[in-house]
Amino acid sequence: STFVGASFGGIAELYAQIQKAIGATERVFELLDESPEKINPDYKGAQEKIKGNVTFKNVAFSYPTRQEVQVLKDVNFTAEFGQKIAIVGPSGAGKSTISSLLLRFYDITSGEITVDGKNIYDYDLENLRGNMSIVPQDVILFGGTIKENIAYGKPDATDEEIMQAAKQANAFNFVDGFPEKFETLVGERGVKLSGGQRQRIAIARALLKNPSILILDEATSSLDSESEKLVQEALEVLMDGRTSIIIAHRLSTIRNADKILVLDNGKISEEGTHQELINLENGIYKNLSNLQFSNS
Ligand code: ADP
Ligand code: MG
């Protein structure tokens, strides 16, 4: 793998290289999310457990390569420990950017992001990321066995723990169906898994990692409906007892969120429960909702 032998200090450079090579930012974020143990063999994950209260206060941000465009202008929200906060809004609104700022892939321009009341830049980076997991739209697994891919979230996991996590993630049955079961190789030289199967592996990994903060970035948007049901079920298990930030294109998946934020033009323009937002006259959410539910 590309990551073996690279130093943790070289992460920015590595990031730039991968970004050039792939050109798809979400994939890069996800690779980075997986990478600390490989980049730094001494990685210990979360040394200090955080609770998971997240706040964005007057956050503004421009990408370093496109400073003329303010992607986020003034973003304010609070996600309390254990809550499900959904972020919706048109493509390009800055939803994924919010998750990369929380993961500290970029530095904000102004404002403040806190976790449990402490500025995220005052945390040890590994410790901060050790408390977070992201399930993106397109999960990339590394070349290795299914077992290794799941255990990535917790390098010292026992076989029993790995199997339990796979069961909870609705992954056990398909894995058990392969002749080599958990020793099955995935990636270029192994079996080809479907998008939904890869997501369930990522969910099993996250279950083992046991993060306080979970980010789902359009995690079910590219799945067929059968796969979506299995993934959605596994996600419900995963979200239980954690702070979840759910970025969604399809509104049906976020109806029961504690709070829905509508991101528009770099700001949160509407905020409330599904019921509150569909009652807003001329609201963006109401309009989106009418469009999506009348088409389905
Ligand atoms: P969303 O997830 O809501 O679709 P994004 O957060 O991915 O939106 O993107 C917000 C804006 O930032 C878009 O205009 C996008 O083109 C731009 N953008 C995203 N990633 C980068 C990057 N790495 N460098 C420069 N611009 C970017
Ligand atoms: Mg996005």
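Whatever order the structure lists them in is the order used to number ligands and atoms, beginning at 1. By convention here, the first residue in the shown sequence is residue 1. Only heavy atoms go into these numbers, but all of them, side chains included; no hydrogens, no water, no symmetry mates.
Side-chain polar atoms of Tyr63 and Thr97 form a donor-acceptor pair below 3.5 angstrom. Side-chain atoms of Thr55 and Thr114 include a donor-acceptor pair closer than 3.5 Å. A donor-acceptor contact closer than 3.5 angstrom links the side chains of Glu236 and Gln232.
Heavy-atom separations between Tyr106 and ligand 1 include at least one value shorter than 4.0 Å. Within the structure, ligand 1 has Ala93 among the residues with a heavy atom less than 4.0 angstrom away.
Contacts between Thr97 and ligand 1 below 4.0 angstrom, taking non-hydrogen atoms only, involve backbone and side chain alike. Contacts between Lys95 and ligand 1 below 4.0 angstrom, taking non-hydrogen atoms only, involve backbone and side chain alike. Contacts between Thr65 and ligand 1 below 4.0 angstrom, taking non-hydrogen atoms only, involve the side chain exclusively.
Looking only at side-chain heavy atoms (C-beta outward), Asp107 and Tyr121 come within less than 4.5 Å of each other.
Taking every non-hydrogen atom of Ser91 and a distance limit under 4.0 Å, the qualifying atoms of ligand 1 come out as 4 (O).
Polar contact check, Gly94 against ligand 1: a nitrogen or oxygen pair lies under 3.5 Å apart.
The closest non-hydrogen atom to atom 24 (N) of ligand 1, taken over Tyr63, Phe61, Phe105, comes from Tyr63.
Look at Gln137 and the Mg ion (ligand 2): no N/O/S atom of the residue is under 2.8 Å from the metal.
Both the sub-6.0 Å distance and the 45° axial angle are not jointly satisfied by Lys259 relative to the ring of Phe77. At least one cation-pi condition fails for Lys147 and Phe182: the charged atom is not both under 6.0 angstrom from the six-membered ring centre and inside a 45 degree cone around its axis.
One finds no salt bridge joining Asp116 and Lys51 here, because no Lys/Arg side-chain nitrogen approaches an Asp/Glu carboxylate oxygen to under 4.0 Å.
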